[in-house]
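Notes to accompany the following structure.
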Amino acid sequence: MTSHRIARATPRRDFTVDIEWADGSRSTADLKPAIARGGMLADLGEPAVFLRRMFVHAEGESLAWEIFGQFVDFHADNLWAISHAAPATAE
C-alpha cells in the first residue's frame, strides 16, 4: 500500500523532479544518484528522455518513464523519502 500519492510532477533539466503531493505539499526529488548507478536507469541520463517521457503512473503511486518499450518507475513512497532526506554533509 502506498502511504504517499503524487498529484503532479515536473522534471527539471538538472535531473530533479518537482513533486506536488496529493496532500498539497511540495518537494523536490534528486534522481541524479539513482541515474548514476546505471543499469536500467542509465537511459534516464539522456535529457530528452528524462524531460519528455515522464508521467504520473497508477493513480499517483509512482513516476514512470517509457524507454524503448519498457517502463522505469520510482514508487511514490521512495520519492517521498528521497525528497525529504537530510542533505549529506561534507567531512
Side-chain angles (χ1 to χ4, degrees):
M1 183 168 166
T2 302
S3 297
H4 302 93
R5 290 204 180 268
I6 301 163
R8 287 180 254 316
T10 305
R12 301 290 180 202
R13 291 187 183 280
D14 64 354
F15 300 99
T16 61
V17 179
D18 291 334
I19 302 170
E20 180 181 335
W21 300 96
D23 67 3
S25 66
R26 295 175 182 270
S27 62
T28 300
D30 183 356
L31 299 183
K32 289 184 295 290
I35 294 167
R37 286 193 293 266
M40 290 282 299
L41 301 178
D43 290 326
L44 290 181
E46 292 295 324
V49 172
F50 189 81
L51 294 170
R52 295 190 182 106
R53 295 191 184 173
M54 187 195 81
F55 59 97
V56 177
H57 183 61
E59 298 181 13
E61 289 187 12
S62 66
L63 287 182
W65 286 260
E66 184 177 359
I67 303 170
F68 304 115
Q70 298 182 49
F71 291 97
V72 173
D73 68 339
F74 287 84
H75 192 271
D77 291 339
N78 292 338
L79 290 165
W80 178 271
I82 290 168
S83 67
H84 288 83
T89 58
E91 293 187 31

(message) So Asp18 and Arg26, do their side chains get closer than 4.5 Å, heavy atoms only?
(response) no
(message) So, taking the atom named CZ in Arg52 and the one named CD in Glu66, what distance separates them when rounded to the nearest 0.5 Å?
(response) 15.5 Å
(message) Just verifying a value: how many Å separate Asp23 CG and Arg5 CZ, rounded to the nearest 0.5 Å?
(response) 12.5 Å
(request) For residues Ala76 and Gly60, report the shortest heavy-atom separation together with the two atoms involved. (result) CB-O, 3.6 Å
(message) So, taking the atom named OG in Ser62 and the one named CD1 in Ile6, what distance separates them when rounded to the nearest 0.5 Å?
(response) 6.5 Å
(message) Is the shortest side-chain heavy-atom distance between Thr16 and Lys32 below 4.5 Å?
(response) yes
(message) I need the Leu41 CG to Leu31 CG distance, nearest 0.5 Å.
(response) 8.5 Å
(message) Within the 4.5 Å heavy-atom criterion, are Trp21 and Leu79 side-chain neighbours or not?
(response) yes
(request) Measure across Val17 and Ala9 and return the closest heavy-atom pair with its distance rounded to 0.1 Å. (result) CG1-CB, 3.8 Å
(request) To the nearest 0.5 angstrom, please state how far the OG1 atom of Thr28 sits from the CD1 atom of Ile82. (result) 12.0 Å
(request) Among Ile, Leu, Val, Met, Phe, Trp and Tyr joined by side-chain contacts under 4.5 Å, find the other residues sharing a cluster with Phe55 and list them by chain and number. (result) Phe71
(message) Working to the nearest 0.5 angstrom, can you tell me the gap between Leu44 CG and Phe74 CZ?
(response) 6.0 Å
(message) Just to verify, what does Phe50 make a ring pair (Phe, Tyr, Trp, His ring centres under 6.0 Å) with, not counting sequence neighbours?
(response) Phe15, Trp65
(request) In plain terms, say whether Asp14 and Arg12 are close enough for a salt bridge, that is, a side-chain N and a carboxylate O under 4.0 Å apart. (result) no
(message) Please determine whether the number of non-hydrogen atoms from other residues, nucleotides or ligands lying under 6.0 Å from atom NE2 of His75 exceeds 12.
(response) yes
(request) Taking all non-hydrogen atoms of both residues into account, name the closest pair between Ile19 and Ala29 and its distance. (result) CD1-CB, 4.1 Å
(message) Quick one, Leu63 and Val56 - any side-chain contact, counting heavy atoms below 4.5 Å?
(response) yes
